[in-house]
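Here's the structure we're looking at; comments come further down.
Order of the sequence lines sets the chain letters (A, B, ...), proteins ahead of strands, with each chain counted from 1.
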Protein chains: 2
Amino acid sequence: MVKSSPHKIQEIRRASRRLVRALGFMKANLAGTSLSPSAVHAIVEIGSGQAGRASELAATLQLEKSTVSRLLDRLSEKGLLTVTPSARDKRAQDLELTASGARLYGEIERFADAQVSAALEHLPGSCHDTVRLGLELYAAALQGEKPKPEFQIQSGYTPGILAAVTEFHALYYAQNFEFGAVFERKVATEMAEFLARVDHPQNEVFYAAIHGRVVGSVSIDGEDLADGVAHLRWFIVGDQARGTGMGQRLLAEALRFVDDMGFAETQLWTFRGLQAARHLYEQAGFVLVEEKPGQQWGKEVSEQKFLRPHGASGAGP
Amino acid sequence: MVKSSPHKIQEIRRASRRLVRALGFMKANLAGTSLSPSAVHAIVEIGSGQAGRASELAATLQLEKSTVSRLLDRLSEKGLLTVTPSARDKRAQDLELTASGARLYGEIERFADAQVSAALEHLPGSCHDTVRLGLELYAAALQGEKPKPEFQIQSGYTPGILAAVTEFHALYYAQNFEFGAVFERKVATEMAEFLARVDHPQNEVFYAAIHGRVVGSVSIDGEDLADGVAHLRWFIVGDQARGTGMGQRLLAEALRFVDDMGFAETQLWTFRGLQAARHLYEQAGFVLVEEKPGQQWGKEVSEQKFLRPHGASGAGP
DNA sequence: CATAACAGTTGCATTATGCAACCAAGTGAG
DNA sequence: CTCACTTGGTTGCATAATGCAACTGTTATG
């Protein structure tokens with residue numbers, strides 16, 4: 001795993017500090033209420049249905065239960081909250097906002113939304129997702145969560161897929177093997193040609209998207225090799241999604257298509273040095289059948305041909 | 001300007017709350033010191049040379065000056081800090097960490113770095129930049145800053161440029177004009193062809209990069225039209241950089257090249273409905289000379305031909 | 001030179017908070 | 001069923017953090 005550079009960490013910490021202060025500042029004047037930060041957080045949590053118990057509140061707000069107890073006292077004294085003993089567990093108590101509590105919650109929501117909205121206005125709209133994603137990832141990471149890779153494999157053309165596949169190839173191979181313009185052009189041109197005939201029943205392109213962006217893809221070209229031979233092409237997963245099992249999923253989906261269509265065998269060309277990919281290929285039933293130097297990608301590498309017979313499903317243990 | 005959806009704002013707020021709590025939690029136990037959050041922040045600010053005055057500290061920590069005064073008292077009592085009257089301004093006082101203060105600062109730094117580093121370990125390395133950028137942008141936005149668009153215009157092939165240009169075209173025109181595969185393929189194929197001969201002295205590709213990623217580009221094709229006629233092609237700025245003046249800069253750079261190379265005139269094709277671009281073109285001295293329906297981009301639009309004579313520099317006021 | 005603005009201090013009141021000891025209600029093993 | 005243990009919450013106590021307002025001394029400005 002790649003460690004983040006100290007410099008990057010510094011920058012993250014620096015931004016966090018600013019953030020905490022800026023948000024802390026917001027909280028103080030929040031919606032003109034005279035409530036403390038914790039009280040506001042409590043109202044929000046209860047109002048949004050995230051916390052129905054005092055103990056839950058203590059957990060999310062990271063406060064001691066006694067503090068929460070008193071906090072709830074204050075809020076119910078002000079008539080913002082009803083605290084009723086729970087029916088199921090007589091130790092516990094159900095928390096619910098009163099009408100005026102709900103009104104306050106609404107105000108806080110509107111106020112906070114406006115604040116955030118105003119802040120975001122300072123940024124070009126395209127940054128909004130970066131902000132959202134960055135915050136979510138970091139918040140999750142701080143609490144020790146691994147982000148769940150939510151992606152779905154889909155098939156067929158989607159805008160940007162040619163670009164994405166080209167980009168991943170160009171950047172990855174430029175960085176790791178110093179491939180250049182020839183390679184990027186080759187990928188773009190050949191895949192463009194393929195996409196023109198992707199609707200042919202023996203062809204298909206698969207991709208995984210996160211937040212509407214293509215982050216991984218693989219294609220089956222059923223026409224360009226011999227009859228009954230499927231050609232697995234442009235198999236790649238972008239930086240953002242590497243190590244999430246996406247490659248495996250894509251490959252599985254593609255091979256299911258291959259088997260469903262009754263191809264006698266599947267071929268693919270790659271070259272020596274792509275260990276992770278090779279592992280995936282072999283797991284999926286591919287076998288290395290040929291290896292020789294070549295420079296079809298604009299640079300001399302040891303090209304490898306893999307083959308997978310119909311229905312093969314991986315090397316034994 | 002595009003408003004962010006309420007949903008997105010909710011998500012940002014939700015993540016912010018988690019973040020503040022998680023960080024708040026970190027602060028409490030921070031490095032095993034018995035210091036309050038503010039005290040730790042103060043040490044960090046002073047230690048990192050960001051604050052040499054009490055008033056500066058009050059500003060960055062968003063605290064009242066009296067609070068800061070007392071905070072500094074406590075710290076100097078503990079021998080972490082020296083508070084000496086400033087030479088230049090007898091009202092003010094210079095803040096400096098003592099040896100033991102500096103040691104503590106070092107510990108805090110190491111501890112916090114380790115925390116952040118540990119958190120980041122939960123994320124794939126490729127997310128780190130998203131986190132950093134997202135936090136920085138949001139922190140800046142909350143304090144009302146507009147992020148400075150730091151980009152430089154460069155020329156020549158760079159890995160990923162074909163992909164980036166294709167992507168921006170595909171996504172933008174798919175979203176706004178429902179262009180599809182035909183268009184994306186056309187862009188990729190033609191630009192790939194162009195890049196094969198971009199080293200010819202009459203051709204050039206210009207691009208702007210942020211953090212090493214291409215976010216805007218324009219090309220001059222000096223060969224595909226008549227002799228002495230420059231063809232301005234693939235002019236586009238990505239989402240992330242729209243509204244930053246990058247388009248103008250790219251265009252200016254491209255036209256400088258055109259004029260330097262002594263082209264008699266420059267032509268470009270676009271179509272009705274791209275107002276922002278049209279404005280830029282006219283500012284740069286282009287004039288609309290022809291308009292007729294066509295479908296060279298895979299969909300029927302009102303195609304426009306613009307022309308700019310050598311050295312023209314924009315419409316008068 | 002008078003006045004305002006600035007940097008910081010101090011008295012006072014308020015509030016949030018944690019710890020420890022406590023109670024009451026559920027849980028589980030034998 | 002019983003006894004020890006856990007869970008959800010309350011209360012007494014001490015303390016730390018904070019803001020406001022009034023204050024001192026210094027510098028800037030007309």
Judged by nearest nucleotide, the residue sitting upstream toward the 5' end of DNA chain D, R91(A) or T67(A), is R91(A)
Of K90(B) and Q93(A), whose closest DNA chain D nucleotide lies nearer the 5' terminus?
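That would be Q93(A).
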To the nearest angstrom, how far is [X] atom [atom1] from [N] atom [atom2]?
| X | N | atom1 | atom2 | answer |
| --- | --- | --- | --- | --- |
| L75(B) | dT9(C) | CG | P | 13 Å |
| D73(B) | dT9(C) | CG | C1' | 8 Å |
| D94(B) | dA7(C) | CG | P | 13 Å |
| R74(A) | dT14(C) | CZ | P | 15 Å |
| L71(B) | dT9(C) | CG | P | 11 Å |
| L63(A) | dG8(D) | CG | P | 16 Å |
| E64(B) | dC12(C) | CD | P | 17 Å |
| D89(B) | dC6(C) | CG | P | 12 Å |

Could you tell me whether K65(B) contacts a base, only the sugar-phosphate backbone, or nothing, with contacts defined as non-hydrogen atoms closer than 4.0 Å?
base
Within the structure shown, what part of the strands sits under 4.0 Å from R70(B) by heavy-atom distance: base, sugar-phosphate, or nothing?
base
In terms of heavy-atom contacts, does CZ of R53(A) have more than 12 from other residues, nucleotides or ligands at under 6.0 Å?
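Check passes, neighbour count above 12.
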Would you indicate whether E56(A), at its atom CD, is surrounded by more than 12 heavy atoms from other residues, nucleotides or ligands within a distance under 6.0 Å?
yes
Is the shortest distance from a Lys or Arg side-chain nitrogen in [X] or [Y] to a carboxylate oxygen in the other one below 4.0 Å?
| X | Y | result |
| --- | --- | --- |
| R74(A) | E77(A) | no |
| R70(A) | D73(A) | no |
| E136(B) | R14(A) | no |

Starting at CD1 of I153(A), measure out to CG of L251(A) and round the result to the nearest 0.5 Å.
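Going from CD1 on I153(A) over to CG on L251(A), the span is 10.5 Å.
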What is the distance from atom CD of E109(B) to atom CZ of R13(A), rounded to the nearest 0.5 Å?
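Between E109(B) CD and R13(A) CZ, I get 4.0 Å after rounding to 0.5 Å.
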For DNA chain D, which residues of residues 53-60 of chain B approach it to below 4.0 angstrom with any heavy atom?
none
Can you identify which nucleotide, out of dT10(C), dG9(D), dA17(D), has its nearest atom closest to the S36(B) side chain?
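The answer is dA17(D), which lies nearest to the side chain.
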Side-chain N or O of S66(A) versus OP1/OP2 of dT10(D): is the shortest distance under 4.0 Å?
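No, S66(A) has no side-chain N/O under 4.0 Å of OP1/OP2 on dT10(D).
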Under 4.0 angstrom between S69(A) side-chain N/O and dT11(D) OP1 or OP2:
no
